[in-house]
Amino acid sequence: MTTIIFWIFVLFTVVSAFKVVHSHNLIYAALSLLLTLFGVTALYVFLWADFLAGVQIVVYIGGILILLLFGIMLTHKITSIQITQLNMQRGVAGASALGILIILLWMIFRTPWFTMTSSEPLGTVREIGILLMSDYLLPFEVASVLLLAALIGAAMLSRKTE
Amino acid sequence: MDVLQNYLVVAAILFVLGIYGVMTRRNGIAVLMGIELILNAANLNFVAFARFGGMNLSGHIFALFVIIMAAAEAAVALAIIINLYNHFRTINVDEAGKLRR
Amino acid sequence: MNIFLQYTLLIYLLPLGAFVIQILVGKRLPRQGDWLSISAILTTLALSIALMAGMILDYNPDFREEFSVTWMDLGDFKISMGFLIDNITIIMLFVVALISSMSQIFSLKYMEGDPRYSRYYAYLSLFTFSMNGIVLANNLVLLYMSWELVGLSSYLLIGFWFEKDSAANAGKKAFLTNRVGDIGFFIGIMLLFTAIGSFDYAQIFSGVADGYISGSVLTLAGIGLFMGAVGKSAQVPLHIWLPDAMEGPTPVSALIHAATMVAAGVFMLVRIFPLLTPDALILIAYVGGITAFFAATIAITRTDIKQVLAYSTVSQLGYMVLAVGTGAYVAAFFHLLIHAMFKANLFYCAGSVIHSMHHALDRAKDHDTDAQDMRNMGGIKIRMPITYRAMLISTLAISGVPLFSGFISKDAILAGTLALVERSPQHSLLVVFGFGAALLTAFYMFRMMYLTFHNEPKRPELTPDIKESPTEMLIPLVILGTLSFYIFYTLPNWNPLSESGWFTYLVPARDSVVPGHINLSAHEIEEGVHHSHFTAMILSLLVAGTGILLAWRMYLRQTLSAEMWARKLRPLYNLSLHKFYVDEVYEKVLYRPFLKLADLVAYLDWDLYDKYIVNGVGRLTERLSKFSGDTDYNGLDQGIIDGIGRNARRSGIVLRKIQTGRIQNYILFAALGLLILIILQVV
Amino acid sequence: MDNLQSIQYFWPELIIVFTLIITIFVDFLYSDSASYRTGYWSLAGLVISSLVLSIQGIDVVTTLFRDMLAYDPFALFFKVIIAISTIFIILVSLSTNEYKNTRVGEHFILILVMVLGMMLMVSSIDLIMVYLAIETVSISSFILAGYLKSERRSSESSLKYVIYGAFSSGLMLFGLSILFGLTGTTKIFEIREVLINIGGDAQFAIILAGVFILAGFGYKISAVPFHFWTPDVYEGAPTPITAYLSVAPKAAGFALIIRFFHTVFTDTGALTSTSWLSQTALPWPEIMAILAVITMTLGNLVAIQQDNVKRMLAYSSIAHAGYMLMAIPMLSGEGIQAIMLYMLMYLMMNLGAFFVVIVVKNKTGGETFEDFKGFGWKMPVVGVIMSIFMFSLIGLPPTAGFIGKFYLFAAVIKAGPGFYWLAVIGVINSVISLYYYMRVVRMMFLEGSKQEQTTLPGTLLTVLLICLAVPTLLLGIYWAPVSDWVRNSLMFFTQGL
Amino acid sequence: MLTHILSWLIWLPVVGMVIIVFIPRERVDIVRIVAAVATGLQLWLAIILWTQFDPEVGGFQFMERLKWIPSFNIAYTLGVDGLSLPMVLLTPLLSFLAIFVSWNIKQAEKGYFALFLLLDAGMLGVFVALDFFLFYVFWEVMLLPMYFLIGMWGGPQRIYAAIKFFLFTLFGSVLMLIAILALYFTCGQTFDMITLMDTAPVALDGVLWWGMSAIKVIWILLFIGFAIKVPIFPFHTWLPLAHVEAPTAVSVILAGVLLKMGVYGLLRVNYGMLPEAVWWFVGAIAVLGLINVIWGALCALAQKDLKKLVAYSSINHMGYALLGMAAVVAAGEMNGNNFAAAQAGLSGAVFQMFNHGTISAMLFILVGVIYDRAHHREIGGFGGLAKQMPIFAGITAVAFFAGLGLPGLSGFISEFMCFVGAFPVFKTIVIISTLGILINAAYFLRAYQRVFFGELNEKYTDLPEINSRELFAVVPLAIITIFLGIFPAPFLNMIRTTMTEIIDQVVTLGGTIGLF
């Protein structure tokens with residue numbers, strides 16, 4: 001049962017991702033990105049990463065995606081949304097992309113990945129919390145500084161000068 | 001469902017699509033979407049590896065930071081795009097081609 | 001310090017000192033310093049006469065003094081400079097000193113009022129200095145150096161009136177033609193040095209004797225040295241410069257281009273005779289013979305008095321070389337000595353004639369007639385008696401009339417030739433050359449005499465103004481004219497028909513040092529000469545007589561019309577008139593192509609190699625940079641994927657080679673680069 | 001080492017952070033016109049932190065924050081380089097005209113963030129830290145590149161920069177994830193441990209990971225084929241930032257490359273290691289050498305064509321990256337010394353060149369070769385100084401540049417005849433570079449003619465230029481102390497502690 | 001003072017330069033005087049050095065050693081031997097005279113003289129440096145001033161000429177740098193030339209790189225570097241351009257000193273450190289020498305521009321030096337240990353270097369004189385000048401005849417020695433190249449006649465005679481030329497010992513592998 005659901009999600013993710021890069025309409029692209037992110041979230045769940053799934057929902061869908069949508073709205077009058085947003089170098093791009101994909105697949109299936117069996121934990125939140133406050137304290141702080149910088153920068157850029 | 005490779009394949013596809021998107025989109029925001037795809041692919045990898053690597057949480061942490069970075073990046077990128085738009089009414093990155101003499 | 005060394009050093013250095021002072025301050029000295037160099041040269045004359053006297057008193061054929069100092073020493077490579085004084089040297093020194101002083105005295109009037117008067121005397125002194133270098137040298141280096149210096153002074157003196165392009169050209173021609181010979185000379189020297197490791201005559205001879213060098217190499221070396229002589233002594237095919245050299249002042253022609261410098265070649269051959277192999281000798285003989293004959297044929301048709309003398313000089317030099325070739329090199333030197341006297345005299349006479357002609361023409365305000373052209377002269381015998389007599393004597397001498405000096409030496413040479421032919425008949429052509437030349441000489445010399453002095457004046461209006469030259473110019477004429485009598489060369493022997501005397505005693509023939517006795521010994525040669533002496537004498541008397549007779553009938557009695565004969569022998573006449581077209585041929589086959597070659601090379605170097613290859617590299621780099629720039633800037637996608645279209649749409653400018661600014665391109669390339677890297681690493 | 005204990009070795013960075021916060025608040029108090037004063041604050045902070053840096057003991061070698069950072073002389077060296085260049089940049093941004101009528105407060109704040117990021121970059125030994133550091137640097141540099149909002153070039157360049165940066169960091173991230181998947185850890189030493197005895201099947205994955213990561217790093221040092229952003233951003237960004245980008249992040253990037261590759265992909269994991277990790281089965285030396293060759297050749301060749309000096313310098317900086325890459329394949333101590341030394345020399349001459357561009361722009365308002373015409377006659381001092389920088393960039397004695405190149409080539413030659421071809425290409429490249437560098441000199445002196453009255457740039461600029469030119473000359477004549485310093489900074493820690 | 005005389009020689013001009021930099025630019029007169037004084041003092045020192053130099057003892061004298069960069073074994077090592085001393089004399093002499101030649105430089109005199117002094121220092125450094133690194137530094141330092149001197153004060157094409165010169169020489173020198181480093185690492189990590197002379201032949205013996213002997217590889221790299229300076233045939237085209245475009249004084253230095261660095265380097269490095277290779281390449285050297293002689297002469301013969309003619313004559317003259325250098329193998333045993341020839345050739349080459357230095361300097365100064373007056377150099381454009389300016393004509397005659405190797409002038413002796421030395425081994429080559437003497441004479445005489453002989457070109461009836469300043473610059477050179485032409489011994493004794501050492505080096509270490 002879960003397997004089927006899993007495959008459904010996989011399919012769902014991939015297809016919507018495909019839409020993201022293919023839809024002629026930015027809004028649709030954004031929406032299909034939303035779906036993709038959902039799909040990924042689901043996969044996180046399958047991977048026992050409940051906390052990350054949450055973060056994904058909150059930050060990505062709640063934050064980034066909304067940002068993108070805002071961006072679209074701000075930079076296009078509603079009427080002009082329909083204009084095609086594709087450029088022409090698909091041929092080469094597609095080819096190289098395909099090439100990379102093949103290479104990747106080859107790699108994936110012939111590499112002895114580092115594996116270790118383990119039972120599903122009750123939840124990762126606590127551990128992650130502890131890790132963040134102990135082992136990964138520095139990255140945590142740095143990230144905060146970075147966010148601060150991004151904040152200032154973004155503010156600076158979008159501030160009206162005149 | 002609990003086979004590592006499945007997830008990796010999905011990630012790979014997302015990754016490639018992301019690259020493709022970045023390469024083919026003219027609209028800055030669309031390009032950003034492509035990048036988001038790439039980042040997600042990477043994250044998926046991390047989490048998958050974490051899961052099959054004996055629930056090694058550093059993978060999760062990595063993914064977590066990646067998400068944060070993504071957010072920051074998106075914010076900045078959008079700020080830039082909007083600024084460009086406000087000043088010059090275009091966000092088509094290939095029209096940002098006036099660096100010519 | 002040894003007296004000979006003292007004398008020779010003085011003889012060597014006095015003219016140099018004169019030259020230096022003259023060139024530096026000559027103009028500011030009273031009389032522009034001519035007295036300076038004249039006194040210098042007279043001193044040397046006195047000294048060399050003293051040496052002469054010493055030699056006569058000593059009367060020792062084997063007299064020989066040698067002095068040398070190391071000039072450079074690099075350990076194994078040493079060069080020493082020094083003097084070799086033997087009878088030949090002393091005689092030659094005397095000749096040089098005598099003629100030089102004659103010239104300088106003669107020039108007092110001849111060059112009077114020339115803007116570069118002091119320069120002229122400086123050059124003369126320089127010449128004497130370098131000529132003495134040749135004479136005194138005991139090694140090939142000093143010889144070669146003086147050799148070139150002589151060339152320099154002749155260059156300067158020929159081109160003395162450099163305003164005239166002809167003069168400047170003549171000077172250059174002389175120098176370059178000599179250089180051609182000198183190259184051979186130089187190669188010869190190097191061959192000898194490489195084999196023997198020394199430049200000194202003595203050591204070279206002993207080295208040859210010890211067989212360090214032999215066979216064809218030795219022959220080559222000999223021929224190489226001989227080439228030097230060919231250049232200096234104006235032998236065929238390098239004779240072309242001497243006639244042109246007559247552009248120089250006449251005293252110079254007398255000194256350099258008749259008596260001394262041109263004789264240097266012969267002198268050198270005499271010095272190195274012992275190492276010449278038979279093959280080399282025979283070549284030399286032929287060159288000499290040919291020169292003697294053909295120069296004579298050319299002389300027949302000259303109308304310029306100095307040209308006649310010039311070609312006769314060439315022809316006489318040919319005689320000397322021929323003599324060396326036949327092995328009778330003493331005879332050659334003998335002739336050198338005698339020829340120096342009468343030929344110089346002839347030139348002075350010509351000089352004095354020309355001088356007076358000039359005056360006459362100047363009086364007549366006539367500046368376009370050539371003062372040297374015999375066709376404007378004639379009938380001035382009574383006007384210039386002394387000149388006439390002096391010239392007549394010398395002419396008799398050169399034509400080989402008994403009682404006059406020329407007869408004995410020429411006779412010796414012809415005898416030598418005959419002897420050679422008797423030994424090896426296949427070379428009988430040489431005899432023809434020898435006697436033919438003798439005949440022609442007699443003919444054209446008398447032709448000159450008649451045209452110049454006898455008959456009716458061609459330009460009667462000039463005759464009153466033609467008068468005998470001033471004393472300064474007559475002194476040399478008298479002295480040298482006197483010296484054209486045989487007696488001075490054959491004392492104590494009074495017989496006018498035999499050359500034996502102090503000279504033949506003091507300058508004995510030496511054996512060749514070439515190993516293996518392939519050369520005849522001096523004695524054998526002596527034998528041959530004696531044997532054929534009588535026939536030679538008879539024949540030479542005959543031919544001389546015929547020559548004179550012909551000239552007499554053609555130009556004095558005019559019973560035989562020269563024009564008629566000229567018409568009869570038109571082709572020959574033309575050949576002679578145009579000097580066998582040698583100059584023209586050289587012009588066509590040598591100079592022109594050579595200059596063309598030079599232009600070609602320069603073109604190759606500058607307009608092809610540099611412009612295209614060297615700068616091509618640069619341009620290639622730029623091309624590369626353009627290319628990489630393009631690929632880097634707008635790269636493939638612009639080309640492959642509708643770049644033009646989009647560019648046109650975007651900026652209305654068709655594909656400009658500059659940044660498109662399209663990030664996608666970059667990313668595409670990054671991806672491609674990625675792929676490439678991956679593939680690079682996998683395979 | 002534990003987080004708390006680590007603090008004592010972390011002061012410089014901490015000071016930066018404090019300054020950051022202070023400047024943010026201070027910046028509120030200033031009006032737009034006065035906001036440049038923020039610069040002084042940040043300057044003060046930087047000076048203090050670099051003082052602290054200078055007194056920090058180089059004998060200590062340890063890891064900080066639970067193996068997040070390495071604390072070692074190597075890192076210290078690069079931190080110093082970063083600090084120095086930043087100080088110069090802040091000073092010059094106070095004296096350029098480009099920031100007239102823009103509020104510059106944030107400018108300095110962001111520079112501080114960047115400094116922090118780079119300092120982390122040069123010392124991070126955990127993949128997460130690596131990623132974070134790179135992102136920190138990138139994001140702040142995106143904004144700085146686009147700082148002149150009203151200038152189209154600037155904004156465009158920042159757009160390119162951000163997209164390109166995000167993309168390549170994405171690639172790198174993917175690579176890192178593969179590495180993580182192979183080894184199950186993010187600590188580079190542990191990674192090496194695993195890699196050393198990993199099966200041959202993993203090779204391909206390692207290759208991919210390596211390449212992807214190379215993309216991320218290569219983009220920081222703008223090595224071909226990840227250099228495409230460089231010319232545009234360099235030309236578009238405000239000149240002080242261009243100068244900064246051409247030096248500091250490059251240095252950080254090199255530090256990172258050296259540390260990362262030497263730790264992860266070599267046999268002993270120390271800078272003293274002499275051969276690449278055999279498991280990777282990669283012809284690493286050849287790859288790196290080829291990268292170097294392509295990078296320098298392309299940089300030089302394209303630079304010839306530029307008409308804009310700034311852009312020319314952009315390509316030249318690519319070329320110089322290529323020169324420095326030459327020393328990577330050797331994996332020898334000399335190689336790394338050479339890179340570090342070169343970095344130092346490069347810092348002075350390149351900053352100097354850009355500063356002169358600023359001077360020219362202040363005077364003529366342009367930055368093309370045309371604008372340099374006769375400049376040597378207008379401002380002789382600047383002209384001479386610029387010539388010095390150009391000669392140094394060409395690598396002619398007696399300038400610092402020559403010494404740098406000398407050490408690089410020495411390192412290559414030392415590696416034996418196998419790499420002579422690399423050296424030959426290198427020198428030929430420097431001959432090519434002569435062409436376009438001399439073009440500047442030519443424009444300044446040979447074109448144009450004598451002027452009657454000559455001027456000087458502003459005092460501050462003059463001082464800065466002299467401060468850069470004098471060492472450029474002196475180090476060309478006597479550089480023993482520097483090279484010793486470099487050699488001492490080359491101790492590197494293995495995971496022994 | 002005497003202990004550091006070499007350092008003084010190098011740094012005096014630098015001091016002068018510094019002083020000049022601080023003189024206000026209006027005070028041109030002072031600038032000139034300072035320059036003259038600096039070079040004059042330098043010349044004086046050089047003469048002292050010469051008097052103190054002991055030609056009998058071999059090896060280097062007046063050595064100075066100073067640690068510089070110990071970590072890289074770089075030291076500040078100076079010293080002179082018989083090979084470098086002539087150049088050390090020539091350089092200050094020509095610099096000193098050149099200052100007077102450039103007396104009437106217009107525009108930016110200050111810069112000109114400052115750069116000139118720097119150039120002077122660089123050149124001198126090259127000749128006395130005994131540390132390879134130092135050598136290289138000086139070698140390159142000299143390029144920069146040269147670039148500016150040509151590029152700023154040169155003729156119409158000056159910029160092109162300058163960059164061409166720069167590119168050419170830099171190309172050569174970077175290859176040299178590689179060779180130097182290779183030597184450093186293969187021969188015991190030292191830059192000390194003296195040590196390398198001993199170690200290099202041993203250390204490199206039998207080392208193979210890509211199947212090619214390491215010695216050959218390094219030799220070739222160095223050879224290209226030096227050949228460009230000499231310049232040897234395929235690398236010569238920078239020279240006519242640079243010579244023609246450069247201002248007179250700079251041409252003087254170019255021809256007089258710079259070209260010598262090539263030969264000097266070849267003898268000092270290629271012969272001194274890699275003698276084995278000499279045996280392999282000597283044939284090539286001889287052939288190149290031949291080409292230089294003939295090619296240069298022919299090109300000169302075709303020139304319309306007097307200065308270009310002189311420039312090509314330089315190529316031609318350096319050819320003789322090359323021939324002389326090739327002669328060194330004569331001392332090998334397969335050539336019958338003909339030490340005499342080897343000495344003649346090698347000393348001839350060095351002597352030729354020196355003579356060409358003085359002679360071509362004279363020629364360029366004289367061309368400059370006429371150019372300053374007539375403002376053109378077309379050989380065909382003059383005529384009859386001997387009437388108008390006799391003194392000038394006289395001195396030019398001396399220079400020209402010296403150029404065409406007239407006995408009694410120094411040029412002859414050196415050419416003679418080169419030929420005589422090379423002849424035993426390279427008979428045909430030498431025989432062909434004797435043609436050079438002829439062409440040599442041809443182009444000089446042709447030029448002389450067209451410029452000075454014939455009717456005076458009425459355009460120039462008021463051309464002023466050569467003035468005392470110019471005379472002062474030329475006459476010393478003329479005197480030297482004549483003196484050495486008559487008494488070469490003083491010079492040759494000075495270099496004798498060193499030449500013998502070089503020959504021994506080549507012969508003993510060079511092994512017996514020969515070409516012939």
Side-chain angles (χ1 to χ4, degrees), chain A residues 2-3 6 10 13-14 17-18 20-21 26 29 33 36-37 40 43-44 46-49 51-52 55-56 59-60 63-64 67-68 71-72 74-75 85-87 89-90 93-94 97 100-101 104-105 108-109 113-116 118 121 124 127-128 131 136 139 143 146-147 150 153-154 157-158, chain B residues 1 4-10 12-21 23-27 29-30 32-34 36-37 40 43-44 47-58 60-61 63-65 67-76 78-83 85-86 91 94:
Chain A
T2 37
T3 329
F6 169 77
V10 168
T13 317
V14 172
F18 199 72
V20 173
V21 292
L26 260 182
L33 180 62
T36 320
L37 295 175
V40 175
L43 293 180
Y44 285 168
F46 277 100
L47 290 166
W48 308 342
F51 178 70
L52 266 185
V55 175
Q56 175 94 345
V59 176
Y60 251 113
I64 299 176
L67 254 171
L68 289 177
I72 298 172
L74 283 174
T75 53
Q85 292 297 354
L86 292 168
N87 86 343
Q89 59 184 6
R90 284 178 158 170
I100 296 177
L101 180 59
L104 283 178
L105 292 178
I108 290 172
F109 287 106
W113 299 105
F114 173 90
T115 49
M116 211 190 278
S118 58
T124 56
E127 288 75 359
I128 290 179
L131 279 176
Y136 294 95
L146 173 56
L147 285 172
L157 283 174
S158 36
Chain B
M1 157 184 149
L4 174 59
Q5 275 73 9
N6 297 345
Y7 299 93
L8 296 188
V9 172
V10 178
I13 294 170
L14 290 187
F15 179 70
V16 168
L17 284 174
I19 293 182
Y20 179 78
M23 282 194 286
T24 53
R25 291 296 194 162
R26 285 173 67 201
N27 180 304
I29 298 173
L32 271 184
M33 295 181 184
E36 299 304 341
L37 282 182
N40 268 280
N43 277 355
L44 200 49
V47 181
F49 286 133
R51 150 82 168 74
F52 293 92
M55 212 51 206
N56 172 349
L57 282 184
S58 49
H60 289 209
I61 306 258
L64 183 61
F65 281 116
I67 293 172
I68 299 169
M69 290 301 123
E73 230 166 34
V76 170
L78 279 167
I80 291 170
I81 288 176
I82 288 167
N83 166 43
Y85 181 75
N86 290 343
I91 60 169
D94 67 350

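Each chain gets a letter, A, B and so on, in the order its sequence line appears, and its residues count up from 1.
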Please classify the contact of A:Leu104 with chain B as side chain, backbone, both or neither, using a heavy-atom distance under 4.5 Å.
side chain
Turns out that what part of B:Glu36 lies under 4.5 Å from chain A's heavy atoms comes down to both
Is chain B contacted by the side chain of A:Ile64, its backbone, both, or neither, given a heavy-atom distance below 4.5 Å?
side chain
A side-chain contact here means heavy atoms from C-beta on lying under 4.5 Å apart; do B:Asn43 and A:Val40 qualify?
no
Honestly, the part of B:Ile80 sitting under 4.5 Å from a heavy atom of chain A is both
Grab the two heavy atoms, one from A:Ile72 and one from B:Ile29, that are nearest each other, plus how far apart they are.
N-CD1, 3.4 Å
Would you say A:Tyr136 and B:Leu64 make side-chain contact, with heavy atoms under 4.5 Å?
no
Validation row: A:Leu47, B:Phe52 side chains within 4.5 angstrom (heavy atoms)
yes
Which atoms of B:Leu14 are under 4.5 Å from chain A, going by heavy atoms: the side chain, the backbone, both sets, or neither?
side chain
Taking all atoms of both residues into account, what is the closest heavy-atom pair of B:Arg51 and A:Phe46, and its distance?
NE-O, 4.3 Å
For the residue pair A:Met116 and B:Asn56, establish whether any side-chain heavy-atom pair is separated by less than 4.5 Å.
no
Could you have a look at B:Ala79, B:Gly53, B:Ala70 and say which one has the most heavy-atom pairs with chain A under 4.5 angstrom?
B:Gly53
Shortest non-hydrogen contact from B:Ile67 toward A:Gln56
CD1-OE1, 3.8 Å
Residues A:Gly71 and B:Leu78: closest non-hydrogen pair is CA-CD2, 4.0 Å
Pairing residues for A:Trp48 by the ring-ring contact (aromatic ring centres under 6.0 Å, His included) criterion, not counting sequence neighbours
none
Residue from A:Ala143, A:Pro139, A:Gly63 scoring the most non-hydrogen pairs under 4.5 Å with chain B is A:Pro139
Measure A:Leu105 against the heavy atoms of chain B and call it side chain, backbone, both or neither at under 4.5 Å.
side chain
I want to check something: taking the side chain as every heavy atom from C-beta on, are B:Asn40 and A:Leu37 in contact at a cut-off of under 4.5 Å?
yes
Between the CG atom in B:Leu8 and the CZ atom in A:Phe109, the distance rounded to the nearest 0.5 Å is 8.0 Å
Cut-off 4.5 Å, heavy atoms of chain B, and the answer for A:Leu146 is side chain
Could you pull out the closest heavy-atom pair between A:Leu52 and B:Ala63, with the gap in Å?
CD1-CB, 3.5 Å
With respect to chain A, which residue among B:Val47, B:Ile68, B:Val76 yields the maximal number of heavy-atom pairs within a distance under 4.5 Å?
B:Val47
Search all heavy atoms of A:Val59 against all heavy atoms of B:Ala71 and return the closest pair with its distance.
CG1-CB, 4.0 Å
Which of B:Val9, B:Ile61, B:Leu32, B:Leu57 touches chain A most, by non-hydrogen pairs under 4.5 Å:
B:Ile61
Which portion of A:Thr115 sits near chain B, non-hydrogen atoms under 4.5 angstrom:
both
I want to check something: taking the side chain as every heavy atom from C-beta on, are B:Leu37 and A:Leu33 in contact at a cut-off of under 4.5 Å?
yes
Is the A:Phe6 to B:Tyr7 ring centre distance short of 6.0 Å?
yes
